[in-house]
Amino acid sequence: MLLGAVGLISVCQPSWAITVSVEDIDQTTSYILVSGVFEPSDNLTTFVQAVQRLGGKGSTVVFKSPGGNPSKAIELGRLIRSLGLSTLQPRSLECVSACALAFMGGVSRYAETGSIGVHKSSFSDVSGISVDDAVSYIQHQTAETIAYLTEMGVDPGLLQLSLRYERDDMRYLSKSEMAQYRVTTGEVSAPQTSLSAEPPSPSVPNQPTTAGAALPDYRIAADDARFTIPLATSGALRVPKGKEFLRAAEDQSSAKIMAISNGEPVEIVGVGERWYRVKVKGRTGYLHHNWVRVDQFIQKPFGDRFIQVKSFDNFEEAQSYVKASQLPLVAFLATNKWYAIALEDTLPVDKATQLLRGLKERSLVPDDAFVTVGNTYVNEVCCRR
């Protein structure tokens with residue numbers, strides 16, 4: 001059950017790397033076609049070269065992929081966004097599982113009904129990996145996926161939808177679902193995107209002047225000190241399983257430098273989107289934000305747990321949720337610039353677990369509420385009674 005906890009991901013696919021080609025529609029119009037399975041070893045240089053061939057910004061990317069490695073798909077998605085490209089997906093060339101993550105990189109995104117598919121993840125290569133490492137990997141991948149969806153302007157609720165479908169099933173998104181979860185930013189009619197598998201021949205629509213994927217302006221209030229994240233410079237390891245590994249790169253699958261136990265002090269020498277570059281016992285490496293209790297952030301007794309009930313990507317909704325609840329809730333600004341809603345007080349892990357079970361049985365909190373050490377909580381922003 002645990003190994004199927006991350007949606008929009010599939011790493012149990014035939015092994016052939018993605019290929020990138022420039023396809024011509026006519027003498028004046030072309031697009032970039034990304035085909036095959038995303039592999040960790042894929043070199044995206046050929047993709048950049050294809051973009052350069054088409055003149056850069058404004059180009060459109062189309063996919064023909066059953067998924068693959070989610071981190072590589074996210075890497076391509078971010079590259080697509082940084083280059084100012086659009087994505088277009090016809091039903092005749094499906095984009096499913098991890099491929100959906102790459103599609104979301106488009107500045108403008110268009111897709112026919114049923115062309116984007118999501119489901120639970122599957123992990124085929126688990127030989128030699130401990131249960132603790134598997135759990136840690138899943139937690140990291142979930143955090144990475146949610147952060148990426150938010151960054152791309154897609155509703156992270158899509159991840160929850162994907163969890164309803166087993167790895168041998170597929171949920172192809174309807175037109176309304178793609179709009180609801182902000183997977184697309186515009187509509188495409190069937191004649192405009194009629195592609196045959198060999199050769200493809202799409203007609204690229206004009207980009208709309210309004211992009212529905214844009215996040216609200218009130219997501220972060222820059223003039224309010226509550227929403228300022230202090231520079232993290234020091235802290236200590238704090239993970240539920242009691243130990244974690246210092247990694248050689250910002251990747252859970254990268255080489256392990258050394259094991260670190262809870263309470264081990266760390267010097268934070270660099271802050272990335274999801275990873276800290278740290279020095280521990282004279283060694284330098286990387287630890288995920290989820291694993292470090294930062295001295296410059298909110299402090300609670302070590303070992304106690306928060307009960308997190310919900311999260312929002314903007315303060316307005318977070319504040320409204322807290323004020324409307326009958327429970328004693330507060331909102332915390334998190335390192336990913338989301339707002340985590342949790343019970344006011346921390347508890348020892350056994351009492352927190354027991355309380356959460358009771359709250360779920362009485363339907364007072366969502367089914368996906370969980371107990372957490374709260375390492376990513378920066379400070380309290382609302383609204384202790």
Side-chain angles (χ1 to χ4, degrees), residues 139-140 142-157 159 182 214-240 250 266 268 270-278 287-302 304-325 327-347 352 356 365-366 368-385:
Q139 290 175 336
H140 160 66
T142 302
E144 180 182 33
T145 302
I146 291 175
Y148 173 75
L149 295 178
T150 305
E151 180 184 339
M152 294 299 113
V154 177
D155 185 347
L159 189 62
R182 303 194 296 271
L215 288 172
D217 292 338
Y218 53 75
R219 181 182 177 196
I220 294 291
D223 59 345
D224 192 323
R226 291 177 299 170
F227 307 119
T228 300
I229 299 178
L231 178 64
T233 59
S234 62
L237 187 79
R238 179 171 63 179
V239 292
E250 297 182 38
V266 301
I268 301 171
V271 180
E273 284 189 57
R274 289 169 297 281
W275 292 75
Y276 297 118
R277 187 167 182 264
V278 302
L287 291 173
H288 197 275
H289 288 182
N290 292 339
W291 306 337
V292 181
R293 177 195 59 75
V294 175
D295 294 335
Q296 289 72 38
F297 296 170
I298 189 169
Q299 297 296 314
K300 291 289 184 178
F302 182 82
D304 282 2
R305 301 292 193 269
F306 292 93
I307 295 177
Q308 181 172 318
V309 301
K310 205 166 180 63
S311 61
F312 295 92
D313 68 358
N314 66 86
F315 180 67
E316 184 175 278
E317 288 184 273
Q319 179 177 243
S320 297
Y321 187 90
V322 170
K323 290 183 175 180
S325 176
L327 296 174
L329 300 179
V330 294
F332 296 96
L333 175 66
T335 56
N336 63 357
K337 298 182 182 179
W338 274 57
Y339 299 88
I341 311 301
L343 292 184
E344 285 184 346
D345 298 321
T346 56
L347 297 166
L356 178 59
V365 297
D368 57 355
F370 59 95
V371 175
T372 176
V373 292
N375 285 338
T376 61
Y377 295 180
V378 175
N379 60 284
E380 186 178 317
V381 293
C382 173
C383 306
R384 190 178 291 271
R385 297 169 183 173

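Atoms considered below: every heavy atom in the structure, side chains included; atoms not considered: hydrogens, waters and symmetry mates.
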Closest heavy-atom pair, Ala232 versus Val294, reported as atoms and distance to 0.1 Å, is CB-CG1, 3.6 Å
Side-chain heavy atoms of Arg305 within contact of Thr372, under 4.5 Å: no
Taking every heavy atom of Lys323 against every heavy atom of Cys383, the minimum-distance pair comes out as CE-SG, 4.0 Å
On a heavy-atom basis, the closest approach of Gly153 and Arg182 is O-NE, 2.8 Å
Q) Is Asn336 close to Thr376 at the side-chain level, that is, under 4.5 Å between some pair of heavy atoms? A) no
From the list Phe297, Tyr276, Trp338, Tyr377, ring pair (Phe, Tyr, Trp, His ring centres under 6.0 Å) with His289 holds only for Tyr276
Rounded to the nearest 0.5 angstrom, the CD-CZ distance for Glu250 and Arg277 is 10.0 Å
- Kindly say whether Tyr321 contributes a backbone atom to a donor-acceptor pair with the side chain of Ser325 at under 3.5 angstrom? no
- Message: Under the criterion side-chain contact (heavy atoms from CB on, under 4.5 Å), I'd like the reasoning laid out for Trp291 against Leu237: C-alpha separation, chi angles, the key distance, then a yes or no.
- Response: CA-CA 6 Å; Trp291 306 337; Leu237 187 79; 4.0 Å; yes
So CG of Asn290 and OG1 of Thr335: to nearest 0.5 Å the spacing works out to 7.0 Å
Query - Whether Gln296 side chain and Thr233 backbone form a donor-acceptor pair below 3.5 Å - result: yes
Interatomic distance, CH2@Trp275 vs CG@Leu287, rounded to 0.5 Å, equals 7.5 Å
Practice prompt. Walk me through it: do Leu343 and Leu329 pass the test side-chain contact (heavy atoms from CB on, under 4.5 Å)?
Written response: CA-CA 4 Å; Leu343 292 184; Leu329 300 179; 3.4 Å; yes
Full working for ring pair (Phe, Tyr, Trp, His ring centres under 6.0 Å) between Tyr339 and Phe315: CA-CA 7 Å; Tyr339 299 88; Phe315 180 67; 5.7 Å; yes
One should read off an interatomic distance between Phe306 CZ and Ile341 CD1, to the nearest 0.5 angstrom, of 12.5 Å
The test is side-chain contact (heavy atoms from CB on, under 4.5 Å); show your working for Lys337 and Ile229 and say whether it passes.
CA-CA 9 Å; Lys337 298 182 182 179; Ile229 299 178; 4.2 Å; yes
Only residue of Asp295, Leu231, Val278 satisfying side chain to side chain contact (heavy atoms under 4.5 Å, CB included) with Ile268 is Val278
Answer yes or no: is there a side-chain heavy-atom contact under 4.5 Å between Val322 and Val330? no
Distance col, row Glu380:CD vs Glu344:CD, nearest 0.5 angstrom, shows 7.5 Å
By salt bridge (Lys or Arg N to Asp or Glu O under 4.0 Å), Asp155 pairs with (sequence neighbours left out) none
Tightest non-hydrogen contact, residues Pro230 and Val378, listed as CD-CG1, 3.5 Å
Quick one: are Arg293 and Asn375 in side-chain contact, heavy atoms under 4.5 Å? yes
Smallest heavy-atom separation, Leu149 atom then Pro156 atom, equals CD1-CA, 3.8 Å
